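Heads up, the thing below is written out as structure tokens.
Just so it is clear, the structure is predicted and the values come from calculations on it, not from any experiment.
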Amino acid sequence: MGDLQSFLPFILMFVVIYFFMIAPQMKRAKKEKKFAAELKRGDKVITKSGLHGKILELGDKDNTCIIETMSGKVKFERSAISMEMSTALNAPAKTK
């Protein structure tokens, strides 16, 4: 019984870390992966480096996409597209 009481704080600390740090991070990663899989031609996107553009082509084999910008076409990995900024860009404008 004494051994269990000595490990109880470590077990509780692991549970707290899991629910406040690990689980939300896994949920966000799953959401970003779903977003990258649902990209389609014509979507307006912003990359994580801040490049704005529209998707021209999606490469299924190498998991890339070609983005058309004001200065030309650029090839990016799908994981380089920012989910938060792209959804904000495509959200309907609020009317007053």
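Among residues two or more places apart in sequence or in another chain, the side chain to side chain contact (heavy atoms under 4.5 Å, CB included) test is passed with F19 by V15. Every residue two or more places apart in sequence or in another chain was checked for a side chain to side chain donor-acceptor pair (under 3.5 Å) with S79, and none qualifies. Every residue meeting the side chain to side chain contact (heavy atoms under 4.5 Å, CB included) condition with M13, not counting sequence neighbours, appears here in chain and number order: F10, I17. The side chain to side chain donor-acceptor pair (under 3.5 Å) check on K40 picks up D43, with sequence neighbours excluded. Annotation: side chain to side chain donor-acceptor pair (under 3.5 Å) contacts of T47 (sequence neighbours excluded): S49. Shown here are the side chain to side chain contact (heavy atoms under 4.5 Å, CB included) partners of K48, two or more places apart in sequence or in another chain: E32, S82. For Y18, the side chain to side chain contact (heavy atoms under 4.5 Å, CB included) partners two or more places apart in sequence, or in a different chain, are I22, A23, M26.
For residues 21-31, no residue pair satisfies the salt bridge (charged side-chain N to carboxylate O under 4.0 Å, His left out) rule, not counting sequence neighbours.
Side chain of R41 to main chain of L56: a donor-acceptor pair is present (N/O by atom type, distance under 3.5 Å, no hydrogens or angles).
Grouping Ile, Leu, Val, Met, Phe, Trp and Tyr by side-chain contacts under 4.5 Å, direct or through others, puts L12 with L8.
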Report all side-chain donor-acceptor pairs from residues 58-77 shorter than 3.5 Å, counting only partners two or more places apart or in another chain.
| from | atom 1 | to | atom 2 | distance (Å) |
| --- | --- | --- | --- | --- |
| D60 | OD1 | R78 | NH2 | 3.2 |
| D62 | OD1 | T64 | OG1 | 2.9 |
| D62 | OD2 | T64 | OG1 | 3.3 |
| D62 | OD2 | K75 | NZ | 3.4 |
| T69 | OG1 | S71 | N | 3.4 |
| T69 | OG1 | S71 | OG | 3.4 |
| T69 | OG1 | G72 | N | 3.4 |
| T69 | OG1 | G72 | O | 2.9 |

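Hydrophobic clustering places L39 together with M83 (ILVMFWY residues linked when any side-chain heavy atoms are closer than 4.5 Å, directly or through intermediates).
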